[in-house]
Number of protein chains: 2
Amino acid sequence: MPTIKDVARLAGVTVTTVSRVLNNRGYISDATRQKVYQAMEELNYQPNEIARSLHRRKSKLIGLIIPTVSHPFFGELAGFIEYYAHLIGYKVLICNSLLDRKKEKEYIEMLKSNRVDGIIMGSHTLEVEEYMNLNYPIVTFDRRISEEIPYISSDNYGGGKLATHLLIQKGCKKIAHISGNLQLQLLANKRSQAFIELSKEHGIESVIVETDLNVFDITQYEAMIRNLLEKHPDIDGVFASSDVMAAYFIQIGYFLNRRIPEHIKIVGYDDIKLASLFVPPLTTIRQPIEEMAKCAVELIVKQVNEEPFERENVFPVELIERLTT
Amino acid sequence: MPTIKDVARLAGVTVTTVSRVLNNRGYISDATRQKVYQAMEELNYQPNEIARSLHRRKSKLIGLIIPTVSHPFFGELAGFIEYYAHLIGYKVLICNSLLDRKKEKEYIEMLKSNRVDGIIMGSHTLEVEEYMNLNYPIVTFDRRISEEIPYISSDNYGGGKLATHLLIQKGCKKIAHISGNLQLQLLANKRSQAFIELSKEHGIESVIVETDLNVFDITQYEAMIRNLLEKHPDIDGVFASSDVMAAYFIQIGYFLNRRIPEHIKIVGYDDIKLASLFVPPLTTIRQPIEEMAKCAVELIVKQVNEEPFERENVFPVELIERLTT
DNA sequence: TTTTTTATGTCAAACGATTGACATATTGAA
DNA sequence: TTCAATATGTCAATCGTTTGACATAAAAAA
């Protein structure tokens, strides 16, 4: 690979001049500029970003740690994060923690070693202190870690209320809620909280099931749901904490001959792209994934540039009523 | 951030010694080793991988260009690629081209500037020569570019045959095929080819529609499919070139009161995780996504290490018969 | 004509690590 | 006692780029 020296030699100038052209600094005549460009063209020269990063002490890299990009919600989130990062010249290193503590820790070390400019954490299996000692530009999704670290979430409580309220309003008598593991101190737990409070308030019978810590071990979902419906055959309303979980419900309902929405009404959460394609199309609580992604990138950049930023970034949710309610 | 010098100073040794500890070279007494480790611990030192990369001229980075990680197939693919890359100490830079030529080109330049060790191309909107001049360790998905560049694909022709054959065997009289844009010289086009040949061979009426070049502009799918069913209301079998397209079909069928599989049978392609959750669960052609991802990483590594490698990597597909046929 | 402005060059340090060549000192074994 | 193995140090180059300090010369403006 050609270096700046090769370009300088071919253009008949010094590296300083080439660097000036490259970085638009100081005085450069058009003639020289052209010569340099031509030499770069001829050699197919691309400045070595690694060397630049080393010198500038900025890598223009953002680390993204999520459970897995193959989960539709995180896939969409990652897509938007990369989109907005790219717009402003940042690159994205993806890390799929699979919600494994060891992996998550490894990834954090790795990202620091690689001197990424900031880390977006969408997976949190570690203890609060471990994040606090990080001393690095960070943004978290759905988890409040400390007074300093900014976080992004949707209005989980509001979403939980919307969902539960809709079920009640539609006449459900016994409702269930299926959530991720509640031990992972996520803000998403507020969805469950809203569910509990609202059903209590309205005197409606309710039941909650949660996954084990392997939240994304999708194989457990089916057994959980079948179990739930067996134990409580009179459930007529379900609030699922993600659209994927809702999909399981729809399907199991279909196999058990419970018609949706006639026998059981279902509300999901996220509004992934495929939610509208389910049969019947899923009623769900929409998180503004794109806006949240954009915000995450901005929060990193603001920290890098030492600009002021908001610590709490809670995004409004929206009830998307389709045909499962 | 502390440097190797800080560690050396604190441990009371020279940087050479620290480097020896770090890289396990030469003679080091246990006592010194401990001193060094302790100093690193105390300073929370992490070797600067950027400096290392510069010196080693290896970044341990793999660039991954795909249409978008938010598409389930590519999301799953990206997940596995990152998984296998991580296992052997490689990191993954994701790039969502959105099948935009300009973006794709930008990304390639960017990846080269960042001296990634190799590029996995799952998006190909450029001309063959542009890839050939790349002169870089590359692996492509689903496209044969030159005699040198290795590629990975599923047995598209076999898959097309399996799908078409199943429809015919189940008694369909008029079958349709909906595919991505055929101009993008992809190996996936062989699915269509098999469809055409087989239906001709069996004397079965058939019709093909393809998306425009914005293959992932999902909004066009619905109109396309509705259009198709309006023009050809007697279609009783569909082979969709991806599970997502099949999902559209299932749903539109549902809205038009065409029962599946009684009135229309549907076969998808990919076998994304959600395919089994569709209602009814989707019959599809399974691509071994994980194996393909693993192979992609291996092909990059082999090129980096200048080991011999296979140019053609065609993976067998499997018919997964569920309830839409 | 003199002064500025513009255009380029020279030189060298810095970013943070690795590494080779060589020197020196301490052990332990022969 | 002598030699080899072990342990560390010194020094400097290298990876590819940026940048500051300073010098010089030509062109443009005063």
Side-chain angles (χ1 to χ4, degrees), chain A residues 1-40 43-61 89 109-117 304, chain B residues 1-40 43-61 89 109-117 304:
Chain A
M1 279 246 166
T3 73
I4 199 174
K5 284 186 194 164
D6 301 315
V7 175
R9 199 174 309 130
L10 185 61
V13 298
T14 61
V15 293
T16 307
T17 304
V18 177
S19 178
R20 280 180 187 134
V21 172
L22 232 35
N23 298 288
N24 255 313
R25 284 180 45 259
Y27 296 113
I28 290 288
S29 69
D30 263 2
T32 307
R33 198 183 295 274
Q34 287 318 313
K35 270 195 304 185
V36 171
Y37 279 141
Q38 202 184 313
M40 298 198 303
L43 293 171
N44 208 338
Y45 169 76
Q46 328 239 156
N48 184 327
E49 285 297 329
I50 295 185
R52 285 180 154 184
S53 294
L54 180 59
H55 189 268
R56 300 207 173 115
R57 296 196 262 166
K58 288 265 160 77
S59 61
K60 287 271 177 183
L61 270 173
E109 302 290 289
M110 181 276 275
L111 292 174
K112 289 180 78 175
S113 288
N114 282 276
R115 301 297 191 266
V116 299
D117 290 346
V304 169
Chain B
M1 281 246 168
T3 72
I4 198 173
K5 284 187 195 164
D6 301 316
V7 176
R9 199 174 309 130
L10 184 62
V13 297
T14 62
V15 293
T16 306
T17 304
V18 177
S19 177
R20 280 180 186 134
V21 171
L22 231 34
N23 298 287
N24 255 314
R25 283 180 46 257
Y27 295 116
I28 290 289
S29 70
D30 263 3
T32 306
R33 199 182 294 275
Q34 287 319 312
K35 270 196 304 186
V36 171
Y37 279 141
Q38 201 183 314
M40 298 199 302
L43 292 171
N44 207 339
Y45 169 76
Q46 329 238 157
N48 184 327
E49 285 297 329
I50 296 186
R52 285 179 154 185
S53 294
L54 180 59
H55 189 268
R56 301 204 173 119
R57 295 196 262 166
K58 287 267 162 79
S59 62
K60 287 271 177 183
L61 270 172
E109 301 290 289
M110 181 276 273
L111 293 174
K112 288 180 77 174
S113 288
N114 282 276
R115 301 297 191 267
V116 299
D117 290 345
V304 169

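Proteins get letters first, then strands, A, B, ... in listed order; numbering begins at 1 in each. Keep in mind that this is a model prediction, so the values were computed, not measured.
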Q: Could you pull out the closest heavy-atom pair between A/Val304 and A/Asp117, with the gap in Å?
A: CG2-O, 3.5 Å

Q: On a heavy-atom basis, which atom in B/Tyr45 and which in B/Thr3 lie closest, and how many Å separate them?
A: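 What the structure gives for the nearest pair is CE1-C, 3.5 Å.
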
Q: On the side chain of A/Arg20, is there an atom forming a donor-acceptor pair with the base of C/dG9 - under 3.5 Å, no angle test?
A: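 Per atom types, the contact qualifies.
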
Q: If you take atom types as modelled and just measure distance, does the side chain of A/Thr3 reach the base of D/dC15 with a donor-acceptor pair under 3.5 Å?
A: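 No such pair is found, so the answer is no.
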
Q: Less than 4.0 angstrom between a side-chain N/O of B/Asn23 and OP1 or OP2 of C/dT18, yes or no?
A: yes

Q: When rounded to the nearest 0.5 angstrom, what distance separates CG in A/Asn114 from CZ in B/Arg52?
A: 10.0 Å

Q: Both A/Asp30 and A/Val15 contact DNA chain C. Taking the nearest nucleotide for each, which residue is further toward the 5' end?
A: A/Asp30

Q: Tell me the interatomic distance from B/Arg115, atom CZ, to D/dG16, atom P, rounded to whole angstroms.
A: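 The answer, rounded to whole Å, is 8 Å.
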
Q: With a 4.0 Å cut-off on heavy atoms, is A/Ser29 in touch with a base, just the backbone sugar-phosphate, or nothing at all?
A: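 Counting heavy atoms under 4.0 Å across all strands, the contact made by A/Ser29 is with sugar-phosphate only.
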
Q: List the steps and the verdict of side-chain contact (heavy atoms from CB on, under 4.5 Å) for A/Thr17 and A/Lys35.
A: CA-CA 11 Å; A/Thr17 304; A/Lys35 270 195 304 185; over 6 Å; no

Q: Taking the nucleotide of DNA chain D with the nearest heavy atom to each, does A/Arg56 or B/Ala31 sit closer to the 5' end?
A: B/Ala31

Q: From CG of A/Asn24 over to C1' of C/dA7, roughly how many Å is that when rounded to an integer?
A: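 Computing the A/Asn24:CG to C/dA7:C1' distance gives 15 Å.
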
Q: For A/Ala8 and A/Thr14, work out which heavy atoms get closest and say how close.
A: CB-C, 3.6 Å

Q: Quick check for you: among D/dT18, C/dT10, C/dT6, whose closest atom lies nearest to any side-chain atom of A/Tyr27?
A: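 Nearest to the side chain of A/Tyr27 among the choices is C/dT6.
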
Q: Between B/Arg57 and B/Val13, which is nearer to the 5' end of DNA chain D once each is assigned its nearest nucleotide?
A: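 Taking each residue's closest nucleotide, the earlier one in sequence belongs to B/Val13.
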
Q: How long is the line joining NZ of B/Lys58 and P of D/dT14, in whole Å?
A: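 Rounding to the nearest Å, NZ of B/Lys58 and P of D/dT14 are 20 Å apart.
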
Q: Check the distance between C/dA17's P and A/Asn114's CG and give it to me in whole angstrom.
A: 13 Å

Q: Give the rounded distance in Å between these two atoms: CG of A/Leu22 and P of D/dG16.
A: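 About 15 Å, once rounded to whole Å.
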
Q: By the 4.0 Å heavy-atom rule, please label B/Ile28 as base, sugar-phosphate, or nothing.
A: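 B/Ile28: backbone/sugar contact only, no base atoms under 4.0 Å.
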
Q: Can you tell me how far C1' of C/dC15 sits from CG of A/Asn48, to the nearest Å?
A: 13 Å

Q: Would you mind telling me which of C/dT6, D/dG16, D/dG9 lies closest to the side-chain atoms of A/Leu54?
A: D/dG16

Q: Let's see if you can work this out: which of D/dG16, C/dA17, C/dG20 has an atom nearest to the side-chain heavy atoms of B/Arg25?
A: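 For the B/Arg25 side chain, the nearest candidate turns out to be C/dG20.
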
Q: When you get a sec, tell me which of D/dT10, C/dG16, D/dG20 is the closest nucleotide to the side chain of B/Ala51?
A: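 Taking heavy atoms from C-beta onward, the closest nucleotide is C/dG16.
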
Q: Within less than 4.0 Å of OP1 or OP2 of D/dG9, is there a side-chain N or O belonging to B/Thr17?
A: yes

Q: Hey, is the side chain of B/Thr14 poking within less than 4.0 Å of OP1 or OP2 on D/dT10, counting only N and O atoms?
A: no

Q: Specify the separation, in whole Å, of atom CZ of B/Arg52 and atom P of C/dC15.
A: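 The answer, rounded to whole Å, is 18 Å.
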
Q: Is any N or O donor-acceptor pair between the side chain of B/His55 and the base of C/dT18 shorter than 3.5 Å?
A: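 Donor-acceptor pair under 3.5 Å: yes.
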
Q: Would you compute the distance between atom CD of B/Glu109 and atom CG of A/Asn44 and round it to the nearest 0.5 angstrom?
A: 7.0 Å

Q: A/Thr16 has a side chain; which of D/dT17, C/dC11, D/dT10 sits nearest to it?
A: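 The nucleotide sitting nearest to the side chain is C/dC11.
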
Q: Write down the distance between CE (B/Met40) and P (C/dA17), rounded to a whole number of angstrom.
A: 11 Å

